[in-house]
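A short worksheet on the structure shown next.
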Amino acid sequence: DALPISFRRHGIRWPDIYIGLTTMGDNMSISSIQRAIDTSVAAHSANGPARISDSGGFRSLFSDHDQQERTIAIELMVHPGYPSLPQEGGCGGGPDDFSQSWERQHELQTLMDPRLKSYYKNNNMMLCAFKDI
């Protein structure tokens, strides 16, 4: 792949796995996040040896069949927060529908759920900022 080599040469980073389109807003739940991670990691692992990533939303260590650890960077797209008030906030023209949506608070509550934190811990996942990768 010439493109990733060119990206690396210019310091552009990206995750090994990107998830979030099937887990956003009302579709976000502990089980939907777990399913998206498990499915994506399995598919990624089936496509060959994992590389040490230099980007992503969080890092996860999974043992392969040879019990070797490898690092996989996974970015989970989220928009947690509190709904904006009508006519307050936004970018120029006021808040859009999503920024006013209850789904942002739903995402926040889901991401803070101790069961999700346990899932990360039990699967040797480390949450980190993009700059830490």
Side-chain angles (χ1 to χ4, degrees):
D1 256 344
L3 194 57
I5 292 169
S6 178
F7 281 179
R8 276 193 209 97
R9 186 175 332 126
H10 295 286
I12 299 171
R13 302 178 301 175
W14 66 95
D16 295 299
I17 297 170
Y18 175 85
I19 58 176
L21 295 175
T22 61
T23 61
M24 58 190 221
D26 191 28
N27 293 320
M28 182 174 280
S29 67
I30 304 298
S31 62
S32 69
I33 293 172
Q34 291 172 341
R35 191 170 38 257
I37 291 171
D38 293 344
T39 301
S40 297
V41 168
H44 179 78
S45 297
N47 289 330
R51 64 179 172 77
I52 299 210
S53 178
D54 53 3
S55 67
F58 55 84
R59 208 166 23 173
S60 175
L61 301 177
F62 289 82
S63 295
D64 65 13
H65 299 294
D66 297 328
Q67 299 301 319
Q68 296 174 341
E69 284 189 343
R70 62 191 189 265
T71 301
I72 300 171
I74 304 170
E75 180 175 342
L76 173 61
M77 178 186 68
V78 296
H79 298 92
Y82 299 100
S84 299
L85 298 173
Q87 308 306 317
E88 291 186 27
C91 296
D96 62 12
D97 289 342
F98 182 73
S99 71
Q100 297 178 69
S101 171
W102 63 270
E103 292 175 315
R104 295 188 68 217
Q105 190 161 1
H106 170 73
E107 286 191 7
L108 179 63
Q109 291 168 338
T110 302
L111 293 168
M112 293 174 55
D113 191 303
R115 293 173 296 166
L116 189 56
K117 291 178 183 181
S118 290
Y119 169 77
Y120 296 150
K121 183 177 180 179
N122 292 338
N123 287 282
N124 299 319
M125 295 181 186
M126 182 179 78
L127 297 177
C128 63
F130 187 86
K131 68 179 180 70
D132 297 328
I133 302 294

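Model, not experiment: these values are computed from the prediction.
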Check your understanding: Has the side chain of E107 got a donor or acceptor atom that lies under 3.5 Å from a matching backbone atom of M28?
Key -> no
Exercise for review: Report yes or no: does S99 contribute a side-chain atom to a donor-acceptor pair with the main-chain N or O of D96 at less than 3.5 Å?
Suggested key: yes
Exercise for review: Look at the side-chain heavy atoms of Ile, Leu, Val, Met, Phe, Trp and Tyr, link any pair under 4.5 Å apart, and say whether L108 and W102 land in one connected group.
Suggested key: no
Review point. Does the side chain to side chain contact (heavy atoms under 4.5 Å, CB included) test come out yes or no for L111 and L76, once each step is laid out?
Key: CA-CA 11 Å; L111 293 168; L76 173 61; 4.2 Å; yes
Study note, to complete from the structure: Shortest non-hydrogen pair, S32 vs T23, comes out as O-CG2, 3.5 Å
Practice item. Rounded to the nearest 0.5 Å, what's the gap from CG on D16 to CD on E75? Could you check? Key: 11.5 Å
Review point. How far does OG of S40 sit from CD1 of I72, to the nearest 0.5 angstrom?
Key: 10.0 Å
Revision key, fill the gap. CZ (R115) and OH (Y120) are apart, to the nearest 0.5 Å, by 12.5 Å
Point to revise | Side chain proximity check, H79 to M24, heavy atoms < 4.5 angstrom | key: no
**Study point:** ILVMFWY cluster, L21 and F98 together (side-chain gap under 4.5 Å)
**Key:** no
Review point. Any luck finding a side-chain donor-acceptor pair between D113 and Y119 under 3.5 Å?
Key: no
Practice item. Calculate, to the nearest 0.5 Å, the distance between atoms CD1 and CD1 belonging to I33 and I19 respectively. Key: 7.5 Å
Review point. Where do T22 and N27 land on the side chain to side chain contact (heavy atoms under 4.5 Å, CB included) test, with the steps shown first?
Key: CA-CA 7 Å; T22 61; N27 293 320; over 6 Å; no
Check your understanding: Going hydrophobic residue to hydrophobic residue with side-chain gaps under 4.5 angstrom, can you get from L116 over to M77?
Key -> no
Point to revise | 4.5 Å side-chain heavy-atom contact, I74 and H44 | key: no
Practice item. Please name the pair of heavy atoms, one in Q100 and one in P83, separated by the smallest distance, quoted to 0.1 Å. Key: O-CB, 3.4 Å
Review point. If you group Ile, Leu, Val, Met, Phe, Trp and Tyr by side-chain heavy-atom gaps below 4.5 Å, do L127 and I37 land in one group?
Key: yes
Review point. Going from CG on N123 to CG on D38, what distance comes out if it is rounded to the nearest 0.5 angstrom?
Key: 6.5 Å
Check your understanding: For E103, what residues pass the side chain to side chain donor-acceptor pair (under 3.5 Å) criterion, not counting sequence neighbours?
Key -> S101
